[in-house]
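Values below: every heavy atom of this structure, side chains too, minus hydrogens, waters and symmetry copies. As the structure is a computational prediction, the values presented were derived from the model and not from experiment. Atoms within a ligand are numbered from 1 in the order they appear, just like the ligands themselves.
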Amino acid sequence: MFNERLREPERILIIDDSPSNARVVAEALRGQAEVHHASGERAALGMARSLKPDLILLDIAVPDRDGRAVYHALKAMPQLRDVPIICITGQDADDEQLQALGMDGADFLRQPLSVQETRARIQTHLTLQRKARLLERAAQDMSDMRRYFPVFIAYWNADLRNISCNDAEGCWFGLPAADMAGLHARDALGADNYRAMAEPLRQALAGSDALFESRFSRPDGEAWYGRVALISRGANVLMMSISDVTDDKRTQHALFDERERARVTLNALADAVIATDDDGRVTFLNPIAESLTGWQFDDALNQPVDKVLLLRNSQGRALPSPTHLALAERRTVGLALDCELQQRDGGLLAVVGRAAPVMDHAGRPGGAVVVFHDVSEARAMAVRMTHLAYHDALTNLPNRILLQDRLLQALQQAEQSGERLGLLMLDLDHFQLINDSMGHAVGDQLLQLVALRLQQGLRPGDTVSRQGGDEFIILMPGLGTIEQAGMLSEKLRRLVAEPFRLGESRYDLSASVGISLYPDDSRDADELYRHADAALYHAKQQGRNHCRFFSGEIEDALLTRQALERHFRMGAKQESFLVYYQPKVDVEDLSTVGVEALMRWRKEDGDILAPAEFIPLAEKTGLILPLGQLVLRQACLDGKRWHDAGCDLHVAVNVSAMQIAEAGFCEQLRATLKETGMAPDRLQLELTESVLARDVELTMAMLSELKSLGVSIAIDDFGTGYSSLSYLKSFPIDVLKIDQSFVRDMLSDTSSGAIVAAIVRMAQAMGLSLVAEGVESAEQAHALARQGVRIMQGFYYGKPMPVEEMDRRLS
Ligand code: C2E
Ligand code: CA
Ligand code: CA
């Protein structure tokens with residue numbers, strides 16, 4: 001609305017030839033308006049045009065001028081059309097004369113003008129003028145309001161007849177307010193529009209206000225949407241307001257359509273889709289997601305997504321939902337590669353998928369969407385394929401590729417740990433005959449049975465693989481001994497040799513086995529294969545149904561070892577292991593002052609083996625312990641016997657380092673002495689230097705303990721080891737045995753002679769007895785005797801002999 005106070009002072013134009021009227025007017029309006037004066041027709045019209053006065057006073061009582069013409073000229077100007085004109089007439093003009101002038105809308109003032117009347121009349125016109133202007137503006141406002149605030153407002157009486165409405169132009173229902181007045185709502189609004197509101201109208205008349213939206217149509221048929229309020233105003237008046245919400249509705253419908261399209265699309269997808277809000281709570285689940293997770297949409301709604309989409313890795317560890325990462329980092333995030341979905345009922349599915357943030361209108365992540373699908377079958381298929389690539393289809397055993405892989409790994413490990421590793425090639429003998437005579441179906445079944453048996457015969461960690469045909473290769477890592485390899489391959493050979501049953505039929509198979517060993521005979525995978533193959537060839541040559549090692553030495557050693565063990569364990573001790581005795585002679589009177597017990601092994605074929613051929617083996621296998629005890633006991637028994645027969649001699653027994661190291665050796669010795677009745681001071685233990693060279697304190701303790709039993713101690717092979725004089729002095733030793741190598745060379749080699757001389761002097765200085773070993777000739781004996789050695793041992797005085805012979809010699 002415009003502001004009254006900002007209004008400019010009103011302008012009055014007086015058109016008059018004489019100034020007297022103008023003076024009266026100026027007097028009448030002093031301070032209230034601007035008064036302008038014009039005389040002459042032309043000047044008057046020009047001024048009226050430029051001044052745009054609010055009111056014009058026109059003197060028409062001018063004798064030589066047509067006042068009417070000026071009046072009409074003023075009225076003809078568009079900008080002055082609504083400006084009131086007061087005509088000043090002659091004194092005697094009566095009303096009829098004025099009517100006859102035909103100036104519609106003009107007002108008249110008679111001359112002479114009175115100040116009061118003039119003022120009153122002018123003010124009335126100005127006030128009217130102002131009101132007219134206000135009305136005009138209000139009408140403009142209404143029309144603007146209708147245009148910019150589209151609300152239709154109407155009042156109805158109890159019969160639903162229109163009392164009034166604000167739609168002067170009939171924009172809403174095609175009827176201007178004036179025409180609508182008095183009409184029944186059906187006729188005022190149109191039958192269809194009325195029908196849409198009939199029920200709420202009835203209710204509103206009954207007193208309950210209504211607010212609702214309805215679809216309407218314009219007279220031209222175009223549809224629009226209105227929000228309708230029906231409010232009863234007093235007993236018989238109903239106010240109706242309708243605002244146009246067509247635009248809102250369209251947006252809503254578009255949104256709905258968009259949503260629906262998305263919903264149908266998501267539901268039709270073959271992938272599972274889960275949507276969350278920005279807090280990670282579930283807002284949507286499509287049917288596939290329902291079936292994969294086991295969660296119904298209604299249950300899942302608003303749950304934390306981690307609860308519905310329970311992801312774990314293949315080790316069973318829980319994985320965080322990718323939606324959190326997607327939201328936090330505002331990027332698409334893939335599910336872990338080995339991802340599994342734990343279903344609501346506990347089932348597991350392999351899934352792949354991605355999560356992406358959904359940005360809102362402000363560019364912030366307003367939520368996230370996870371899309372995933374079940375790849376359990378594909379993954380299972382991949383596992384099957386991998387298995388097939390590394391296994392033999394017929395027997396399901398590892399194939400050559402997998403074996404090679406494991407062999408290389410095992411070799412690497414063996415290299416680090418120093419362990420032994422065996423590669424066995426096992427080939428069924430004459431299997432082609434079965435294939436040819438019984439058919440391949442039988443052959444295949446037998447191969448499967450063989451595979452099963454071989455697997456049963458293996459240790460955990462071994463690998464049996466089929467190389468095609470009837471050949472199997474077995475990898476045995478971590479073998480302790482060669483023997484173990486022999487035993488295991490024998491076991492496999494025997495397993496194959498046991499009869500097979502297929503239906504009613506019995507099949508007797510046999511296998512040949514070739515064995516190669518790392519590091520004994522092969523340095524790498526290639527050699528292992530070649531050597532096992534060569535060994536297999538030899539096994540076949542040998543007449544099949546055999547196990548062969550690649551290395552002949554290993555083969556022999558193994559056989560010897562097996563025999564040694566067999567003999568010992570079979571309890572055939574007396575016949576297999578013998579004790580020979582070699583005399584020790586005092587050169588002064590050639591009397592036998594002692595004997596040394598030396599072990600012998602009589603093999604099944606009657607051959608007698610010297611210790612060099614089996615003692616290293618016995619030490620390796622630990623058999624030296626029972627063997628050593630056997631010799632000790634036998635020597636004590638014989639010594640006691642000779643002693644009882646009156647022979648004054650000592651019996652010397654060789655004791656290996658391993659025996660000494662064995663806890664309880666002393667105790668065992670004490671018990672043996674007691675059991676046999678042998679006098680301890682008649683027993684001498686021969687220890688090599690290597691036994692003494694170990695831990696000085698331990699050796700000291702051990703020697704003292706032995707000495708406390710009453711036995712004497714000799715150092716065997718003296719001069720060949722690393723004995724230092726310092727500890728020799730402190731150890732409780734009785735005898736030094738000069739090694740036979742010095743005796744053998746002393747006559748030809750001066751340094752050997754010098755060593756013998758030195759040993760003799762040292763023994764004399766330390767008060768130790770001396771024995772010279774390996775004396776083979778009189779010259780040697782003389783030379784030694786000259787140096788001061790009295791006790792000799794050697795072929796010259798007597799070879800090691802069976803106990804019966806020694807008995808004879810002593811008697
Ligand atoms: P050793 O203790 O030095 O035994 C002496 C070896 O020299 C014996 O060999 C003996 O036959 C041999 N010999 C004796 N006189 C002569 C000679 O004039 N010329 C030559 N060339 N050789 C002579 P044998 O019986 O073959 O024993 C060899 C080694 O076996 C022994 O050497 C000893 O270290 C070990 N040994 C023998 N019996 C046992 C036993 O019961 N227990 C243990 N732990 N070791 C034994
Ligand atoms: Ca000896
Ligand atoms: Ca010796």
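For ligand 1, the atoms sitting less than 4.0 Å from at least one non-hydrogen atom of Gln582 are 14 (C), 15 (N), numbered in the order shown with element in parentheses. Within ligand 1, counting atoms from 1 as listed, the ones closer than 4.0 Å to a heavy atom of Glu776 are 17 (C), 18 (O), 19 (N), 20 (C), 21 (N). Atoms of ligand 1 found under 4.0 Å from any heavy atom of Gly774, numbered from 1 in the order shown, are 16 (C), 17 (C), 18 (O). Residue-ligand proximity, Ser656 to ligand 1, at heavy-atom distances under 4.0 Å covers atoms 44 (N). Heavy-atom contacts of Val631 reach the following atoms of ligand 1: 41 (O) (cutoff under 4.0 Å).
Of the N and O atoms on the side chains of Trp642 and Asp807, at least one donor lies less than 3.5 Å from an acceptor on the other residue. With 3.5 Å as the limit, one finds no donor-acceptor pair spanning the side chains of Asp734 and Gln684. Under the 3.5 Å distance criterion, with hydrogens and angles disregarded, a donor-acceptor pair is assigned to the side chains of Arg406 and Thr463. Under 3.5 Å, the side chains of Ser522 and His531 contain a donor-acceptor pair of N or O atoms.
Between Lys603 and Ile608, the closest side-chain pair of non-hydrogen atoms is not below 4.5 Å. Contact of the Phe549 side chain with the Ile482 side chain is registered, since non-hydrogen atoms from C-beta on lie closer than 4.5 Å.
Between atom 25 (O) of ligand 1 and the options Met792, Glu596, Met599, Arg600, the minimum heavy-atom separation is to Arg600. With distances taken over non-hydrogen atoms, the option nearest atom 39 (C) of ligand 1 out of Asp717, Val655, Asn654 is Asn654. Of the candidates Ile660, Leu598, Val775, it is Leu598 that places a heavy atom closest to atom 8 (C) of ligand 1.
The shortest separation from a heavy atom of Pro800 to ligand 1 is under 4.0 Å, placing the residue in contact.
Around the Ca ion (ligand 2), the angle linking Asn654 (OD1) with Asp716 (OD2) is 80°, rounded to 10 degrees.
Nearest N/O/S atom of Glu686 with respect to the Ca ion (ligand 2) is recorded as OE1. The Ca ion (ligand 2) sits nearest to atom OE2 when only the N, O or S atoms of Glu596 are considered.
Contact annotation for Arg744 and ligand 1: no heavy atom of the residue comes within less than 4.0 Å of the ligand. Using a 4.0 Å cut-off between heavy atoms, Thr688 makes no contact with ligand 1 at all. Residue contacts with ligand 1 for Gln740 involve side-chain atoms from C-beta outward but no N, CA, C or O (heavy atoms, distance under 4.0 Å).
Electrostatic pairing of Asp717 and Lys737 does not count as a salt bridge here, judged by no charged N lying under 4.0 Å from a carboxylate O.
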Just distance, no hydrogens or angles: give the donor-acceptor pairs under 3.5 Å from side chains in residues 655-665, sequence neighbours left out.
residue, atom, partner, partner atom, Å
Ser656, OG, Met658, N, 3.4
Ser656, OG, Gln659, N, 3.4
Gln659, OE1, Ser656, N, 3.0

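Here Asp717 does not reach the Ca ion (ligand 2): none of its N/O/S atoms is less than 3.0 Å from the metal.
Summarising the geometry, atom CD1 belonging to Ile401 is positioned 11.0 Å from atom OG belonging to Ser465; distances are rounded to the nearest 0.5 Å.
Counting non-hydrogen atoms of neighbouring residues, nucleotides and ligands closer than 6.0 angstrom, the OH atom of Tyr797 exceeds 12 such neighbours.
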